[in-house]
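Protein chains get the first letters and strands the later ones, always in sequence-line order, with residue 1 at the start of each. Predicted, not measured: the structure shown is a model, and the values here were computed from it.
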Amino acid sequence: MPRPRKRLAGSAEPAGPDNKGPAGKRTKTKNPVGASAQVVNSSPQKTSASKTCGKYLSSYWLMKSEAESRLEKGVDVKFSIEDLKAQPKQTACWDGVRNYQWVRRKVVVYSPLGQARNFLRAMKLEQEAFFYHSNCKEPGIAGLVKIVKEAYPDHTQFEKNNPHYDPSSKEDNPKWSMVDVQFVRMMKRFITLAELKTHHQAHKATGGPLKNMALFSRQRLSIQPLTQEEFDFILSLEEKEPS
DNA sequence: GCCAACGTTGGC
DNA sequence: GCCAACGTTGGC
């Protein structure tokens, strides 16, 4: 399965004149989110979301993205928080999430929906997520983003040249979803994975807020729910010296 | 670059 | 539906 991580949207377009990405050399194109982002200030649609009929009632999230260049089927999948900031409206669609299986501890339940996808679909307008840099020298939480468009079909699944092309997905019944996220702010300081892990270890013994953090207990999930306690605790770390 | 953890696939 | 083999994630 492809990596359920973030990459720039719109990569189906051939490198066109609008290709002036942050690093200049990527073959990725700008994301087409402009169109979708205006949902932001429209609240008319009582999104199906507001029914909160799902089992995921989390209001906070952690989203992983690769912060260093890496080619996947010839496409650079790098998308750091700086790249997000450089987008129009500082907004990008979160495509490429392909995570089909639901695994909890030793009990493996095959869900008709993938876990990361379920989480994507549970994300609601204005909810906040930590932007996590993965697969890089210093992994950790770089900043805060918010959901500005709820789940809609991930266009990359229909694009033959996209690393996330899924020939088994049909236009009239898309398998994969994505959301749009907008940059909110950088963390006051970068919260490293190592620091989070130190707290996680300590909290396992003391029952502290990070004792069950998904980053460690479900390490391969690209989109993870955070509890209020986890979110608040991590925010509080900003004000402290790195431990 | 290595490799542990864990998600996915396919034979049965 | 089980589970061994394989593939991927992602920290180190």
Nearest whole Å is fine: how far is B/dC3 P from A/N135 CG?
17 Å
Return the orientation label for the A/H133 and A/F131 ring planes: parallel under 30°, perpendicular over 60°, tilted otherwise.
perpendicular
Gap between atoms CZ and P, on A/R70 and B/dG1 respectively (whole Å)
14 Å
Distance (rounded to the nearest 0.5 Å) between A/K204 NZ and A/M213 CE
13.5 Å
What residues form a ring pair (Phe, Tyr, Trp, His ring centres under 6.0 Å) with A/F130, not counting sequence neighbours?
A/F231
Base, sugar-phosphate alone, or nothing: which one does A/F216 contact when heavy atoms must sit under 4.0 Å apart?
nothing
Could you give the CG-to-P distance, from A/L215 to C/dG11, as a whole number of Å?
7 Å
For the pair made of OH in A/Y132 and P in C/dG10, what is the distance, rounded to whole Å?
8 Å
Take atom NZ of A/K78 and atom P of C/dG10, then tell me their distance rounded to the nearest Å.
18 Å
Distance in angstrom units between A/K64 NZ and C/dT8 C1', rounded:
12 Å
Looking at A/E238 and A/K188, would you say the former's side chain and the latter's main chain have a donor-acceptor pair under 3.5 Å?
yes
Rounded distance (Å) that lies between atom P of C/dC12 and atom CD of A/E138
9 Å
Return the value, rounded to whole Å, for the distance between atom NZ of A/K197 and atom C1' of C/dG10.
10 Å
